[in-house]
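Remarks on the structure that follows.
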2 protein chains.
Amino acid sequence: MSGPLTERRQTILKLVIQEFVDTATPVASETLVRKYRLPVSPATVRNDMAALEELGFLTHPHTSGGRIPTDAGYRFFVENLMERTSLSPAEQRMIRHQFYQVRGELDQWVQLACAVLARTAHNASVATAPRAEQLRFKSLELIAIHETMALAVMVFHGGIVKQQTLPIEPGRTPEDLRRAAGIVSDLLADTTLSRAEELAATATFNGIPLSDFERGLVDLVVRAMQAFEEQAQEQIYSDGLLEMLSQPEFLPASGRDDAERAIERMRRTLEILKSGRGLSPLIPQALASGGVQVIIGGEHGEDAMRDYSVILARYGVEGAIAGVLGVIGPTRMAYPRSISTVRYIASLMSNLLAELYNVNARPSEVETDPNGDQRA
Amino acid sequence: MSGPLTERRQTILKLVIQEFVDTATPVASETLVRKYRLPVSPATVRNDMAALEELGFLTHPHTSGGRIPTDAGYRFFVENLMERTSLSPAEQRMIRHQFYQVRGELDQWVQLACAVLARTAHNASVATAPRAEQLRFKSLELIAIHETMALAVMVFHGGIVKQQTLPIEPGRTPEDLRRAAGIVSDLLADTTLSRAEELAATATFNGIPLSDFERGLVDLVVRAMQAFEEQAQEQIYSDGLLEMLSQPEFLPASGRDDAERAIERMRRTLEILKSGRGLSPLIPQALASGGVQVIIGGEHGEDAMRDYSVILARYGVEGAIAGVLGVIGPTRMAYPRSISTVRYIASLMSNLLAELYNVNARPSEVETDPNGDQRA
DNA sequence: CCTTAGCACTCTCGCCTCACGAGTGCTAAC
DNA sequence: GTTAGCACTCGTGAGGCGAGAGTGCTAAGG
């Protein structure tokens, strides 16, 4: 009964999605014909729409009022209909420029990525800080703040830095601190957590027992590494909430109950972004796969996310460090643009990190086209 | 015509505010009599209410439907009617415990303060990071990340730390880095920005010209200090948006236009918190004065804030470092509780900072009652 | 078999009306 | 100064109605 998915029907599906993404209102057969100068009549379009509906790609909320895409419709669009675009060179340049301005301050990269993603994709963005696949200690520095307080700066492989203040006994000289830090650095150099724990248990360095102070420092490092490892639930940064909430989905179209639902949606959205519920399960998945992942609506079963789509990409340096960034918004989303934005920024971040890792290090500016080295 | 502000009228004002804060609905004369077992009749209460209205402390939105307090009403309540309470010892203990858990990681204090404030006051919270009244350099450390990349950790007086990666030439040994950092540290030790700029211009240390590398480091420090200084618009952290948005003010009471207004309010609120518009002007004020500041509604002229009250307190160490933290929410707010929460957390943070500054340094746990040393 | 014109049908949206109830303001008595 | 009684106001929600939009169907045409 439903008939085959002819060329024309695919075109109509594509146009319905385009139009719906633009206007956020159900699209009628006549609108489509008029706006895109289709060489067929509205009735024909209606027939095709009915077929698309039976195929599960379209639906209509009310008897009257046009069609809207289903999750499956969006899925088909993303897989088969959408042309793959890139951000315009001007936009790429602008984005690179912003990253250039905070070069060096790598603790700001993630936030910047979120901000840029949100502004460019007109939706909320999420990102996790880059995380080493296995944390390895590099060195420890102690910096006196005053007589009884010092700052411990722990550096791990891959530029990950953690700092912590600790109380010290008044007598210690800067030289003292330096020597103790040096011993601990040498002892723990290049160790992973499990090895560090072993070494901490022996409490000796080259056969010589550690002093109390040194043992305290070793413990500090081990605790920091444990804390890092235990933090299974990756912290998710996000931005652009306002951007997303300006989408018409969050405006009360009409009627009082619709308004109430809009508010409820808003609150839900906030919760999702704040707690990461519904988002966290996607992270490992995105980390595992290369390329850009698109999760549309309730596809992966999380009910809270039924009305949202997520576009995620992994970024980082192969075999060393990786994080995830992406865009989240209503299923009615400009997929091509969002996807290219996510892809571009992930590549950019990857390049920046690679530079930090001295893999293909480049003078100091990112110039390569980050779209090139990205898998499908 | 309006008559004097008798004792009973003050009581009624107080009860109206209490009741309205509790229920978020306009309070009727009869409700008041019934609920608080007043020894007078509803009619009498109505008369007093009318008087309070003429005095500008109450208003009623519609002819029918009870009274609600005006900004002036809240103001009078806060100044004269409210009993000054403290957080319960149990709550104080719980809060201290949370801070104890992140002792050492002072970059998390502000965030924690925000989180705790929001949860305790059931409203959104804001805070600025502690800021030295005048930034003074302390020392610089260079830590190699790999052959061509180093991490510069700049420490300023008061435990303020800024880190930045910088590219280095491949040949440099750790000893090289340490020496260069030492020279720069000595050169710039204890300088303020203007002095550092002068020293950077001469580019000599004890008469000996600096190497290119050392000059680069000096520039790095100066730029960091400039960036810090220029950041006139203090970054405002915030939390508890969700907490605030669960307040009934953000629910559509009835009718479609009310729903629309609720959403609009929500969006506004987001903007206020994100951009700090309407909040920023209050910061310097709060920094200047001791004690807790209460700004009710549009009192200070900012229109965007007409429906919000802000409770701010300064925290920090006298003459050294200071920040601001507080609560923001609808004018219908539990002022006594909010104020005591803000006061308590400000004192707690002050104590923690004092410890870091070695003023009245204490073993490592905060035990004093932070309410003690707070001015009115 | 595909396409198209015509038309009845359905459903939302906005508007109006109306009755109800809550709470007040006023007046007069205590 | 306080209180009872009562008329009045106004928000609220339910129900009804007309207009308009867009479809589904049917039958005719290529």
Side-chain angles (χ1 to χ4, degrees), chain A residues 1-9 11-12 15-16 19-20 23-35 37-54 58-68 248 251-262, chain B residues 1-9 11-12 15-16 19-20 23-35 37-54 58-68 248 251-262:
Chain A
M1 166 76 84
S2 64
L5 189 53
T6 64
E7 190 91 13
R8 192 182 62 209
R9 286 177 182 170
T11 309
I12 288 177
L15 291 179
V16 168
E19 187 65 14
F20 183 61
T23 65
T25 47
V27 359
S29 54
E30 208 226 319
T31 320
L32 226 50
V33 173
R34 190 166 26 80
K35 209 157 185 175
R37 309 219 169 288
L38 296 190
V40 291
S41 77
T44 308
V45 174
R46 274 204 292 281
N47 285 334
D48 283 345
M49 279 174 158
L52 286 166
E53 192 163 342
E54 279 204 71
L58 292 181
T59 184
H60 58 237
H62 331 293
T63 311
S64 139
R67 301 302 210 290
I68 63 175
L251 284 177
S254 71
R256 134 158 199 61
D257 62 336
D258 193 20
E260 213 159 292
R261 243 179 308 163
Chain B
M1 166 76 84
S2 64
L5 189 54
T6 63
E7 189 91 14
R8 192 182 61 208
R9 287 178 181 170
T11 308
I12 288 177
L15 291 179
V16 168
E19 187 65 13
F20 183 61
T23 64
T25 46
V27 359
S29 54
E30 209 227 319
T31 319
L32 225 51
V33 173
R34 190 167 25 82
K35 208 156 185 177
R37 310 218 170 286
L38 295 190
V40 292
S41 78
T44 308
V45 174
R46 274 204 292 280
N47 286 334
D48 282 345
M49 279 175 159
L52 285 166
E53 191 163 343
E54 279 204 72
L58 292 181
T59 184
H60 58 238
H62 332 293
T63 311
S64 139
R67 301 301 211 290
I68 63 175
L251 285 178
S254 72
R256 138 160 196 59
D257 62 337
D258 194 19
E260 214 159 291
R261 243 179 306 164

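Here is the naming used below: chain letters follow the sequence lines, and residue numbers restart at 1 for every chain. Below, each value reflects all heavy atoms present in this structure, side chains not excepted, and no hydrogens, waters or symmetry copies.
Each of B:T31 and A:V40 was assigned the nucleotide of DNA chain C with the nearest heavy atom; the assignment lying further toward the 5' end belongs to A:V40.
Here D:dT2 presents its P atom at 15 Å from CE of B:M49, a figure rounded to the nearest Å. Atom C1' of nucleotide D:dT23 and atom CG of A:L32 are separated by 14 Å, given to the nearest angstrom. The distance between atom CG of B:D48 and atom P of C:dT24, rounded to the nearest whole Å, is 13 Å. Nucleotide D:dC25 holds its P atom 11 Å from the CZ atom of A:R46, rounded to whole Å. As a whole-Å value, the separation of A:E30 CD from D:dG24 P is 15 Å. In this structure, CG of B:L52 is placed 15 Å from C1' of C:dT24, rounded to the nearest angstrom. Summarising the geometry, the separation between CG on B:N47 and C1' on C:dT24 is reported as 11 Å, rounded to the nearest angstrom. The separation between B:E54 atom CD and C:dG25 atom P is 11 Å, rounded to whole Å.
B:T11 pairs by the side-chain hydrogen bond (donor to acceptor under 3.5 Å, both in side chains) definition with nothing, not counting sequence neighbours. By the side-chain contact (heavy atoms from CB on, under 4.5 Å) test, A:T25 is found to be paired with A:T23, residues two or more places apart in sequence or in another chain being considered. A:S64 is linked by a side-chain hydrogen bond (donor to acceptor under 3.5 Å, both in side chains) to nothing, counting only residues two or more places apart in sequence or in another chain. Residues passing the side-chain hydrogen bond (donor to acceptor under 3.5 Å, both in side chains) test with B:R34: none are found, sequence neighbours excluded. Residues satisfying the side-chain hydrogen bond (donor to acceptor under 3.5 Å, both in side chains) test with B:S41, not counting sequence neighbours, are B:T44.
Close to C:dC11, at under 4.0 Å from its OP1 or OP2, lies no side-chain N or O of A:H60. Side-chain N/O atoms of B:R8 include one lying less than 4.0 angstrom from OP1 or OP2 on D:dT2. A sub-4.0 Å separation between OP1 or OP2 of D:dT3 and a side-chain N or O of B:T44 is present.
The shortest non-hydrogen separation linking B:R46 to B:R67 is O-NH2, 4.4 Å. Between A:P42 and A:E30, the shortest heavy-atom distance links the atoms CG-CG, 4.0 Å.
In the set D:dT23, C:dG23, C:dT4, C:dT4 carries the atom at the smallest distance from any side-chain atom of A:S41.
For the pair A:L32/A:M49, a side-chain contact is recorded, criterion being any heavy-atom separation below 4.5 Å from C-beta on.
DNA chain C lies under 4.0 Å from at least one heavy atom of each of the following residues of residues 61-68 of chain B: B:T63, B:S64, B:G65, B:G66, B:R67.
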Between the protein and nucleotides 14-16 of chain D, which nitrogen or oxygen pairs are less than 3.5 angstrom apart?
none

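Among B:D48, B:V45, B:L38, the single residue meeting the side-chain contact (heavy atoms from CB on, under 4.5 Å) criterion with B:R8 is B:D48.
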